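This report refers to the structure that appears directly beneath it.
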Amino acid sequence: MLNFSVPMHLATWNVNSLNIRLPQVTAWLQANPVDLLCLQELKLADDKFPAAAIEAAGYHAVCAGQKTYNGVAILSRTPGRDVTRNIPGYEDLQQRVIAATYDAPGGEIRVVSAYCPNGQAVGSQKYEYKLAWYRAFHAWLADQLLQYPRLAVLGDYNIAPEDRDVHDPAKWEGSVLVSEPEREAFRGLLNLGLADAFRLFEQPPRSFSWWDYRQLGFRRNAGLRIDHVLLSAPLARLCAECTIDKTPRGNEQPSDHAPVVAMLGLAA
DNA sequence: ATGGTCGATTGTCGA
């Protein structure tokens, strides 16, 4: 018996303003024709979403935007359905979550694009908001997993899960993006049965997805790995590769984040 | 040395 496998590429990229980064997004898609791209930090309202340019690039899109801050989208080769915006039941004016369902070989896949709160500083109000938001996110993902066994949650988690995800763990110890309560929140998602796709494979040491614009962060590789692809067990079993594409971080006028790409080998 | 750079906005905040 022959077993056919169809590759499906899923990606996530915090673009830090889709207005500024649109040409880089379409150029990246041309060079990396992924099946699905989750975007974060659009920083534009829904009526300003560049739908025509995205369609011209060959992608459908669903988005949950707002002026100035936050905003998420999912670009896809095939249209999404059953779109969910925000975390149901969690009152929040900040547009941080969008989810949709996609047809794929072997059955439908549920995809979440998330821009998790930054938290600003440990002990701040924004930090407390971050931890509360993560509790709501956790509960909702538990429910999503019951409805959708094939679940992929991609985005900017604003958490570096382990010290090997930090360029200078001593310097960062205990600070926001790295603190133990945040890492505990991240591990809580893994304990739902989600796998960090990047860590399913051997990876180059000092692999990061975000570098501060200041202090020549990228040139010094002074970064953090805070952008993640989490996969439910049925998808994790099919995951054959997960990589960070540092190329666009070297562009002129880059986003401070790099895209993360996961490849699934789906049964035809 | 407590800054530094971006983006959205036009003061200053958020990251």
Side-chain angles (χ1 to χ4, degrees), chain A residues 12-28 38-50 53-54 63-73 86 92-98 113-134 137 154-161 165-179 181-183 185-186 208-228 244-260:
Chain A
T12 182
W13 194 6
N14 178 324
V15 291
N16 186 17
S17 170
L18 186 55
N19 272 331
I20 293 286
R21 232 65 68 190
L22 178 60
Q24 292 185 45
V25 170
T26 53
W28 189 82
C38 295
L39 300 176
Q40 300 87 36
E41 281 208 90
L42 308 182
K43 296 187 173 181
L44 47 75
D46 286 348
D47 63 344
K48 303 278 199 251
F49 186 82
I54 297 300
C63 73
Q66 69 183 98
K67 191 175 144 107
T68 309
Y69 302 117
N70 308 309
V72 286
N86 294 312
D92 194 351
L93 295 174
Q94 304 184 28
Q95 302 298 306
R96 297 187 174 279
V97 170
I98 191 165
S113 176
Y115 175 50
C116 308
N118 173 283
Q120 194 172 55
V122 172
S124 68
Q125 281 198 336
K126 289 191 174 70
Y127 183 79
E128 294 308 318
Y129 163 73
K130 180 177 191 172
L131 295 180
W133 186 94
Y134 258 99
F137 192 48
L154 298 89
D156 176 1
Y157 287 75
N158 268 312
I159 297 174
D165 302 312
V166 180
H167 72 96
D168 185 345
K171 179 185 159 189
W172 278 83
E173 187 182 3
S175 60
V176 74
L177 312 185
V178 165
S179 75
E182 291 167 274
R183 286 178 167 177
F186 187 82
F208 309 121
S209 68
W210 169 84
W211 301 262
D212 201 305
Y213 284 123
R214 296 166 288 190
Q215 297 175 298
L216 303 172
F218 185 59
R219 215 161 80 176
R220 297 187 297 120
N221 196 29
L224 303 176
R225 192 177 70 90
I226 57 176
D227 301 271
H228 308 299
I244 298 169
D245 182 4
K246 290 171 71 168
T247 313
R249 187 61 179 78
N251 289 349
E252 293 246 355
Q253 210 174 15
S255 167
D256 44 354
H257 294 253
V260 183

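Quick note on labels: first sequence line is chain A, next is B, and so on, each numbered from 1. Bear in mind the structure is a predicted one, so any value in this text is a computation, not a measurement.
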Quiz item: Among side-chain atoms of A:Asp92 and A:Tyr129, is any donor-acceptor pair under 3.5 angstrom?
Solution: yes
Quiz item: Is the closest side-chain donor-acceptor distance between A:Gln24 and A:Asn251 under 3.5 Å?
Solution: yes
Please produce a list of atom pairs where a protein N or O lies less than 3.5 Å from an N or O of nucleotides 13-15 of chain B.
from   : atom 1 : to       : atom 2 : distance (Å)
B:dG14 : OP1    : A:Lys126 : NZ     : 3.3
B:dG14 : OP2    : A:Lys126 : NZ     : 3.4

Practice problem: Show your reasoning for whether side-chain contact (heavy atoms from CB on, under 4.5 Å) applies to A:Ile20 and A:Gln253. | Solution: CA-CA 8 Å; A:Ile20 293 286; A:Gln253 210 174 15; 4.0 Å; yes
Quiz item: Between A:Gln215 and A:Thr68, who's closer to the 5' end of DNA chain B by nearest nucleotide?
Solution: A:Gln215
Quiz item: Among all residues two or more places apart in sequence or in another chain, which pass the salt bridge (charged side-chain N to carboxylate O under 4.0 Å, His left out) test with A:Arg249?
Solution: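 Scan of A:Arg249 (salt bridge (charged side-chain N to carboxylate O under 4.0 Å, His left out), adjacent residues dropped) gives none.
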Self-check item: Partner set under salt bridge (charged side-chain N to carboxylate O under 4.0 Å, His left out) for A:Asp227, not counting sequence neighbours
Solution: none
[X] [atom1] to [N] [atom2], straight-line distance once rounded to whole Å:
| X | N | atom1 | atom2 | answer |
| --- | --- | --- | --- | --- |
| A:Leu22 | B:dG7 | CG | P | 14 Å |
| A:Lys67 | B:dG7 | NZ | P | 17 Å |
| A:Phe218 | B:dC6 | CZ | C1' | 16 Å |

Practice problem: Run through A:Asp256, A:Asp156, A:Asn14 and flag the one making a side chain to side chain donor-acceptor pair (under 3.5 Å) with A:Trp210. | Solution: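 Among A:Asp256, A:Asp156, A:Asn14, the one that satisfies the side chain to side chain donor-acceptor pair (under 3.5 Å) with A:Trp210 is A:Asp256.
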Quiz item: Which value, in whole Å, describes the distance between the C1' atoms of nucleotides B:dT10 and B:dA1?
Solution: 30 Å
Quiz item: P atom, B:dG3 versus B:dG7: distance in rounded Å?
Solution: 22 Å
